[in-house]
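First comes the structure, then the notes that go with it.
Positions are given from 1 along the sequence.
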Amino acid sequence: MAISMQNTIWDSVLEITKVAQEKGSDPLIWALQVSSSLSSSGVGLPSPELANVLVSYIFWDNNMPILWKLLEKALALRIVPPLMVLALLSDRVVPCRRSRPVAYRLYMELLKTFAFALKGQINVPNYEMVMKSIDGVLHLSHNFGLEATSPGILVVEFLYSIVSQLLDASLDDEGLLELIPEMKSRWATKPQDMEIDANDNYNQMQTEYHEKLYKMNTIMAIEMIGKFLQDKSTSRILDLVRQNFPTHWIRFFQRLQLLGTNSSALRNSKILTAEDLLQLTTGSGSNIVLSRESKTSSLQKFHSVMAFGSLVSSSGLCQGASHSALWLPLDLALEDAMDGYQVNATSAIEIITGSVKALQAINGTTWHETFLGLWVAALRLVQREREPIEGPIPRLDARLCILLSITTLVVADLIAEDENTPIDESECGSTNHWKEKKLSGKRRIDLVSSLQLLGDYQTLLSPPQSVVSSANQAVAKAMLFVSGINVGSTYSECISMKDLPINCSGNMRHLIVEACIARGLLDTSAYFWPGYVNGCINQIPHSMPAQVPGWSSFMKGVPLSLSMVNALVSSPASSLAELEKIFELAVKGSDDEKISAATVLCGASLLRGWNIQEHTAHFITRLLSPPVPAEYSGSESHLIRYAPILNVLIVGIATVDCVQIFSLHGLVPQLACSLMPICEVFGSCVPDVSWTLPTGEDISAHAVFSNAFALLLKLWRFNHPPLERGVGDVPTVGSQLTPEYLLSVRNSHLVSSGNVLKDQNKRRLSAVATSSSAQPIFLDSFPKLKVWYRQHQKCLAATLSDLVHGTPVHQIVNVLLNMMFRKINRGSQSLTTVTSVSSGSSGPGTDDSTPRPKLPAWDILEAVPFVVDAALTACAHGRLSPRELATGLKDLADFLPASLATIVSYFSAEVSRGVWKPVFMNGTDWPSPAANLSIVEEKIKKILAATGVDVPSLAAGVSSLATIPLPLAAFVSLTITYKIDKASERFLNLAGPALESLAAGCPWPCMPIVASLWTQKAKRWFDFLVFSASRTVFLHNNDAVFQLLKSCFSATLGPNAAAISSNGGVGALLGHGFGSHFSGGISPVAPGILYLRVYRSIRDIVSLMEDIISLMMLSVREIACTGLPRERLEKLKRSKNGLRCGQFSLTAAMTRVKLAASLGASLIWLSGGLGLVQALFKETLPSWFIAVHRSEQEEGSKGMVAMLGGYALAFFSVHCGALAWGVDSSSKRRPKVLGVHMEFLASALDGKISLGCDCTTWRAYVSGFVSLMVGCTPSWVLEVDADVLKRLSKGLRQWNEKDLALALLETGGVETMGEAAELIIEDQ
């Protein structure tokens, strides 16, 4: 019935139309008749059904001028929806444009009239129904691959389809589509055979007029395309396609370029040139996100005042000016990586790459500026420790590794990322992919320009003494090349600089360039840069040296003699081929050759082979995991036969610098995985077999195990409680460093998905992990190690359980006690008396002739806690003297050096329990610190006073100062029995941090006492020990932490607005290392250095974060008050545009505000990692905005101070997120955390949450945060729920922030694209 009525209605309309057609009626009268008829029938207007009826009637049976006039009148009076009519016409007219040029011309005239007046067409009641009808005609959802679409999205797709169809039609008309046959047009541009009607009025024999009109139509169509790209509204709508449908846009872009380059019709246009069209191609949408048009837009204002400018001042970067401060987070991250107390499971390459990308995006710098900032930060790191203090800490080799290996690999990965940009939509996502691809290779060009400019930084380029020779050889090599003299590697190895006729003084830039050339980032054309070399060499010196041992000789087949090994150990390999040959010897050579090759790999090639350093470390890890030989059939592990080479490798890489190099390259997880089976196997062996090394040294299974075990334990904080710094439900930085975590990281490297293969660093780590075992490895694979680890955890968490009499462990305890205290057993006090204190058991005495027990190391370690407990208890009860206790413990450590680890575990646990009485360090029973305790205290006071921290007053009197808990006294007495030599170094490196941690956990002044005792032992370590002691102040005084943080902000910002360039910035924050190497009184320890060495011991990091935010906001207030005079502040408040009045002062103030925020964000990220950043967004920031701040109430802060505070918080929070999550789309945690924060912002804007902060601060924060997300981290916006983005956009529009509201929707992806389009149209 309904269908019948509908047919009757449309039959009536057609009857009215036929009458008007026959009579030639006035189109207005016809339109009124049709409108009246439809209204009386209840049909809503504009009617898409009417549009369909009319177009179907006209084309092509009634294609007459009168009907075109009727159609035009229907459009003008909005009886039919214009977009629907245009959609129907595009589907019918464009394919027949050659045979019906008049219809095509009329269609384009209608386009010109109605396609740009969109505002009235989306404000009709049946707007959604109209767009769905258009979708049905043009199949837009299908063509774009979307299932359910909003009307706004359909508007975007409709406009794009119209322009694309015109483009394809124009290309087809000029025969250009044949140049790209692989790209078939998705739109109707050619007629179907069944639709050709030769009898049509407009399709008679082609006349000269029709041919001329056809050519003119092609010109007009191209001009229409230009108009769509030039119009403000339609161009922005088309830009939404670029952002959300990159594959469609790339195709459109390529065809537009083809048209602009080859079109003859375009050359005949009078209103559009090829240059104009190509400019529109590259310029479309480029100024949309950060529009500068609106004078009142906070988006424009925020980015104007937050901008630092370009890197133009070389002195600024060196002295600490504002340009240098751009890279302050990078300086902090690099210096933090030099903390010898902490190895990192994450590659420094990954950390630095993420930081560089984040800073480049947030600061809006070019890659030239970014690379320059990276090189300068790395150079500052090296220069900061030109003359490092002595001690068990990373020295210059680790810093040079950062500069010449890690940084070079970071740059290489960034360039590879740029030059390997994906081309399919699944890989590129909703990004500016087409633009990035066009600029591919730009980063390499920027690298060249940055290194050329680096030559101006002469102060930073001065090489440390240890690399002067390498720098001189680098410049000599370049000079010989420029002179056209070709010399072999043999000559370059042997040449002396004094042999050359001119001065060849190299600097750090020459080493950097050589590193870049070695990795294929530059070519030898760099040698010809202006000023790179000074002059030419006319001839080679005639004093050509005879062949001497070296890598070139080795490559020619000279065998590995002792002199050859020494030469190869002392000089790094220059190529991967040289390394591969030495590695092959280590695998396939004779036993002596294997050991020699292993020794070479652990020498200069690992420490200073910057161009091949990662390969050296990789080869070492492979040698530590030898495969099972094919012919092997023994019952014991195949690792036993490799004991000599394994021991050489383990001892060779056990130094602090070597461990740090493995850490920097991200190889700690794999190194741990290689060491675990060695510990498992050799710890299970009875030490009845020994091996003799070529040096004549005998090693046992105990020695191999102890060396491997000591190195393994350095790879995580084994002596710390597993959950010492918890933040919510997120694992802490400290708790992650466990054997399980290291294995899980290593196993993650095995993943070889497409994403991993795109990441050069992950590809390298994956290759390393796979080379040892392609299968994941878990702690359960090492049952003995797991048992020890669980016992170790129990020891830290609870008191020892009772030792059961008669068990194997009990028997071993007795054997060990008798071995340790055999002299006592022969005296008046028996061993039975000693052991009964702990276990109530007895055991037979032994004499000196009794051999040491032949027990597996794991069995011994299981008994050690009970042994130490018995000895310590005996000492506490006076049955053992302190000297006997220390001697006995040293005997145990000498018998099995690995037992030192379990001794550390026991003492760490016992000190924390606080059940032992303190002992008096009087110099009789226990060693006395009196000789230099006062000096140590005075030095500590000076170090802290220099950083603005008040030292807690110490109790007067030697007796009170020299009292420490018994376990600490026993441990320090044990450690000072060790010699400071290479053999003891690896064990002292294990015990040292544990001793400091132990002393730090005891009441003050335990640590100064320990430092005093050790300075008597190792005088050359005095500075290091005093500095270490000064760090523990902050564990006992929370106010001292606050003072140190305040000093960091003060040093960075300087005392006034002009101070950053003279007294503030990186130089003031991090200084120049521990010593005063410069005239002018540089602080012995800058506050930033002290904080970086302290924060890991601070347990309450949530309070730490609150302190950082408080100090940042205090700094902002001081900046506003000191940087802007009160009268100028008042003018700024009254000014409509705050940027105009006092432009220079506001810009200077914003520079310092951004620096304060950058420092705060860096400290948050370094101090607590992902967990703390998550707590910041989910808890701290919402609480801050909800709370009422007293200072704001007191001062009535309504103006500039409040605004600067909001902007500071915005930059701070985005900076924290960028450092923690990155700016790309690779983070797993970011969407959830960011979603919670954005929901808070939207709810507050909706009025659902009541805020206590200043409304100006809140508005500045929201507008600043959203601006930075849109402009710097657009991938974040894509992860936020679309409804939240729409609510935020609505709130911003209520603040009259229309540009920002639109930019947010434009960046939000497909789900907000429709709302963005509608907002663009509303602003017409």
Side-chain angles (χ1 to χ4, degrees), residues 388-393 872 875 880-890 893 907 911 916-946 951-981 984-985 987-989 991-1033 1035-1036 1074-1076 1084-1085 1093:
I389 61 174
E390 288 199 52
I393 54 176
L872 197 63
C875 184
L880 271 180
S881 70
R883 187 178 299 275
E884 290 167 341
L885 174 63
T887 303
L889 292 175
K890 184 63 165 61
F907 282 145
V911 165
W916 299 91
K917 292 182 179 180
V919 297
F920 179 42
M921 310 298 286
N922 55 13
T924 304
D925 299 316
W926 299 94
S928 171
N932 57 354
L933 181 57
S934 60
I935 299 175
V936 169
E937 287 180 11
E938 199 60 37
K939 290 290 185 182
I940 291 173
K941 289 180 181 179
K942 286 185 178 180
I943 287 176
L944 299 181
V951 182
S953 59
L954 302 177
V958 176
S959 60
S960 61
L961 293 178
T963 301
I964 63 176
L966 175 59
L968 177 59
F971 191 37
V972 71
S973 298
L974 168 61
T975 58
I976 61 178
T977 63
Y978 280 86
K979 294 180 180 179
I980 304 179
D981 55 20
S984 301
E985 180 185 4
F987 300 107
L988 284 176
N989 289 343
L995 176 62
E996 183 179 332
S997 176
L998 207 64
C1002 297
W1004 188 267
C1006 289
M1007 188 61 209
I1009 292 172
V1010 170
S1012 299
L1013 292 170
W1014 256 98
T1015 54
Q1016 297 174 34
K1017 169 78 175 181
K1019 292 182 174 59
R1020 67 177 188 270
W1021 288 5
F1022 182 86
D1023 290 343
F1024 164 74
L1025 292 166
V1026 170
F1027 174 72
S1028 297
S1030 69
R1031 303 188 307 172
T1032 60
V1033 172
L1035 276 70
H1036 301 277
F1074 292 101
S1076 180
V1085 182
R1093 302 299 178 255

Tightest non-hydrogen contact, residues L968 and C1002, listed as CD2-SG, 3.9 Å
Looking only at heavy atoms, the pair that brings L885 and A970 closest together is CD2-CB, 3.7 Å
ask   = Would a 4.5 Å heavy-atom cut-off, applied to side chains only, mark V911 and F971 as touching?
value = no
Output for pair (R1020 CZ, I980 CD1), nearest 0.5 Å, gives 5.5 Å
A1000 backbone acceptor or donor facing H1036 side chain under 3.5 Å = yes
Taking T1015 for the side chain and A1011 for the main chain, is one N or O donor matched with an acceptor at less than 3.5 Å?
yes
CH2 (W1014) and CZ (F1024) are apart, to the nearest 0.5 Å, by 10.0 Å
Checklist entry - Would you say the side chain of I964 lies within less than 4.5 Å of the side chain of P918, judging by non-hydrogen atoms? => result no
Among side-chain atoms of S881 and E884, is any donor-acceptor pair under 3.5 angstrom?
yes
- Side-chain contact, heavy-atom cut-off 4.5 Å: L966 with W926? yes
M1007 versus I940: any side-chain heavy-atom pair under 4.5 Å?
no
**OP:** Mark yes or no for whether K1017, through its side chain, and T975, through its backbone, hold a donor-acceptor pair below 3.5 Å.
**Re:** no
Sub-4.5 Å side-chain heavy-atom contact between V919 and P882:
no
(Q) Could you check whether W1004 and T1032, counting side-chain N and O atoms only, form a donor-acceptor pair closer than 3.5 Å? (A) no
Scanning both residues in full, the closest heavy-atom pair of P1005 with P1008 reads O-CD, 3.1 Å
Worksheet item: Can a cation-pi geometry be assigned to K939 and F1022, taking NZ or CZ under 6.0 Å from the six-membered ring centre and within 45° of the ring axis?
Response: no
### Task
Give a yes or no answer on whether the side chain of D1023 reaches the backbone of V1026 with a donor-acceptor pair at less than 3.5 Å.
no
Pair F907, L998 - check side chain to side chain contact (heavy atoms under 4.5 Å, CB included), show working. CA-CA 8 Å; F907 282 145; L998 207 64; 4.0 Å; yes
OG1 of T963 to CD1 of I1009, rounded to nearest 0.5 Å, is 6.5 Å
Closest heavy-atom pair, P929 versus L1013, reported as atoms and distance to 0.1 Å, is N-CD2, 3.7 Å
Taken to the nearest 0.5 Å, the spacing of L995 CG from I976 CD1 works out to 10.0 Å
Practice prompt. Look only at the side chain of R1031 and the backbone of R1093, and say whether a donor-acceptor pair between them is shorter than 3.5 Å.
Written response: yes
Rounded to the nearest 0.5 angstrom, the CZ-OG distance for F920 and S928 is 7.0 Å
Separation between CD (Q1016) and CG (N932), nearest 0.5 Å, reads 4.5 Å
Closest non-hydrogen contact found for F1027 with I943 is CA-CD1, 4.1 Å
